[in-house]
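Chain naming here is simple, since letters A, B, ... match the order of the sequence lines and numbering starts at 1 in each.
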Amino acid sequence: MAVGSGIAPLPALVLPKVRSKNEAVALGILGIVLFLGLWEGAAQIGWINPVVLSSPSRIAVAFAGQWESGQFLADLGVSLSELAIGFALSLAVGVAIGIAMGLSRTTEYALDPFVWFLYSTPLVALYPLIVVWLGFGFATVLAITFMLTVIPIVVNTLAGVRSVDPSLVRAVRVFGGSGYDVVMKAVLPASLPLVLAGVRIGLGRALIGVVLGEMFSSNAGLGFRMTVYAAHLKTADVFVPLAAFVIIGVITTQLAILLESRLQSWRT
Amino acid sequence: MTLSRRLVVGTVSVLAFLVLWQFVGQREIVRSDLISYPTEVFATFVHLTSTGELGSNAAVTLQEFIEGFVPSIVVGVVCGVLLALVRPLRELLDPLLTAIYTAPVIAFIPILVVWFGVGTYSKVVIVFISAIFPIMINTRVGVSEVAEPWLRAVRSFGADQLQIVTKAILPGSMPAIMAGIRLGLGRAIVGLIAGEMYVSIAGIGRMIQTYSSAARSAEIIVLVVVIAVFGYVCVALLRSAENRMGTWRSDLE
């Protein structure tokens with residue numbers, strides 16, 4: 001690109017990039033600090049009603065209270081285990097269905113209408129039926145999480161299997177591989193990038209499932225606690241589980257992105 | 001050939017599902033108040049429509065949706081363009097926006113109800129918040145990926161700042177913006193229904209909540225299908241608008 005333009009452009013191209021990365025991090029932190037500072041300041045001065053809008057210091061106090069009583073950790077434990085179990089189930093079933101659909105046209109055509117219906121339906125609306133079937137609590141939250149999560153994993157796995165180079169499958173066959181070998185040695189590894197994209201989308205939806213399930217049909221967990229605090233107008237307390245959900249969302253998404261990029265660098 | 005096979009197998013499997021459902025439900029092999037059955041669902045749909053209950057509640061939900069979604073498109077696109085073009089602003093707000101974008105927005109419902117009340121106002125805000133972040137972030141990404149030659153071409157013909165935005169940046173990032181709007185649409189519908197179900201005075205979500213406390217599966221299934229059809233129609237409308245705009249790259253996305 002910079003052929004024949006001498007040495008000068010090189011540092012000009014490289015240096016600002018490095019500096020701007022640090023700058024971006026610093027500015028990003030500044031943005032968060034400014035936001036919290038403005039919020040706190042507005043509440044202190046009385047521009048906003050802290051009873052309604054709360055303030056960072058009040059939320060910190062609320063967090064300390066929930067932490068000491070053990071309430072926060074208990075809720076967090078329930079929510080995280082629902083997230084983990086719901087997601088693991090969806091991953092196992094979703095990948096299996098996706099591969100089955102990818103390997104057999106007839107299976108794909110037969111399941112396609114249902115997958116697309118579930119993909120385009122706001123599944124929230126189905127929760128009352130699940131409550132009627134499974135009752136209040138853990139099982140219902142799991143079922144809602146599963147329904148929300150399994151579909152994107154199926155769709156992405158299917159796309160992944162479709163993208164596998166047929167010559168890979170033939171190579172395994174030529175060396176005497178069984179159907180099982182074809183799946184484990186060719187199809188699954190080759191479709192991994194798209195499966196992981198499904199994992200990333202699925203993680204986000206699993207978290208939504210946990211929040212929904214707990215808000216509407218549970219008696220434990222961060223989502224349930226949020227509705228209890230909201231009903232008592234304890235706004236500062238509502239923000240503690242809310243912030244926890246935001247942080248869990250950021251961490252799981254970043255982990256999935258990290259996993260994806262690791263895989264990319266490993267493949268190339 | 002393949003398409004017709006897809007159609008045949010798909011239709012057969014859906015019909016088989018409906019027949020099985022009808023059989024299991026009507027013969028009470030599984031209690032029909034738990035799963036209902038197709039003919040009962042259809043009769044319920046006719047009944048809910050003829051009494052006007054469905055229509056009046058759907059009107060409330062539709063109004064909340066429009067009042068929240070249209071502003072979220074306008075504000076989302078404007079903010080997205082600003083974020084893409086003004087770098088300090090983007091770097092200042094990026095972590096905050098990403099955090100809110102990846103967070104489950106429905107977790108904000110309880111606090112929004114505390115702030116904006118149980119009526120339609122809180123639902124409009126939920127729709128707005130659910131939709132605006134995907135639209136804003138897609139617009140930002142789309143704008144920053146508009147090809148440099150386009151910008152140079154427009155600039156070299158003497159365009160001012162506004163013309164650069166309207167003639168190069170917006171058309172160039174249209175596929176990304178439309179993808180953001182589609183994503184926002186899905187989230188808005190989920191947020192709206194969840195919000196109405198959480199607490200409300202009228203609307204489809206309110207109906208679902210009412211019938212679920214009476215364990216009326218047929219009514220719930222009718223409402224679920226109504227919402228699904230609404231979402232499907234919205235996506236179809238968006239796609240046709242996209243094609244009308246001559247977005248030759250709509251298949252990239």
Any idea which of [options] has the most non-hydrogen atom pairs under 4.5 angstrom with chain A?
options	result
B:Ser217, B:Gly205, B:Pro110	B:Pro110
B:Glu196, B:Met197, B:Arg90	B:Met197
B:Ala16, B:Pro95, B:Ala107	B:Ala107
B:Ile220, B:Ile109, B:Ile193	B:Ile220

Atom [atom1] of [X] with >12 non-hydrogen neighbours under 6.0 angstrom:
X	atom1	result
B:Phe42	CZ	no
B:Arg206	CZ	yes
B:Gln63	CD	no
B:Phe116	CZ	yes

Just how far is it from atom [atom1] of [X] to atom [atom2] of [Y], taken to the nearest 0.5 Å?
X	Y	atom1	atom2	result
A:Phe35	B:Leu93	CZ	CG	10.5 Å
A:Leu27	B:Leu89	CG	CG	10.0 Å
B:Leu96	A:Ile29	CG	CD1	12.0 Å
A:Ile247	B:Thr102	CD1	OG1	11.0 Å
B:Ile106	A:Leu207	CD1	CG	8.0 Å

Toward chain B, the part of A:Glu108 with a non-hydrogen atom under 4.5 Å: side chain

Under 4.5 Å from any heavy atom of chain B - which part of A:Tyr229: neither

Any idea which heavy atoms bring [X] and [Y] closest together, and the distance?
X	Y	value
A:Phe117	B:Ala228	CE1-CB, 3.9 Å
A:Ala110	B:Val9	N-CG1, 3.6 Å
A:Val250	B:Ala99	CG2-CA, 3.7 Å

If you count heavy-atom pairs under 4.5 Å with chain B, which of [options] comes out on top?
options	answer
A:Leu242, A:Thr235, A:Leu222	A:Leu242
A:Leu212, A:Leu34, A:Leu233	A:Leu212
A:Gly31, A:Ser54, A:Pro241	A:Gly31
A:Thr227, A:Val210, A:Leu30	A:Thr227

Is [Y] close to [X] at the side-chain level, that is, under 4.5 Å between some pair of heavy atoms?
X	Y	answer
B:Ile208	A:Tyr127	no
B:Ser212	A:Val131	no
A:Leu111	B:Ser13	no
A:Met226	B:Ile111	no
A:Tyr109	B:Val8	no

[X] portion near chain A, given a 4.5 angstrom heavy-atom threshold:
X	value
B:Phe108	both
B:Tyr198	both
B:Leu192	neither
B:Gln209	side chain

Aromatic ring pairing A:Phe239/B:Trp115, orientation class (parallel under 30°, perpendicular over 60°, tilted between): tilted

Derivation and outcome, side chain to side chain contact (heavy atoms under 4.5 Å, CB included), residues B:Arg5 and A:Thr106: CA-CA 9 Å; B:Arg5 193 179 150 213; A:Thr106 313; 2.7 Å; yes

Full working for side chain to side chain contact (heavy atoms under 4.5 Å, CB included) between A:Val238 and B:Val114: CA-CA 10 Å; A:Val238 176; B:Val114 172; 5.7 Å; no

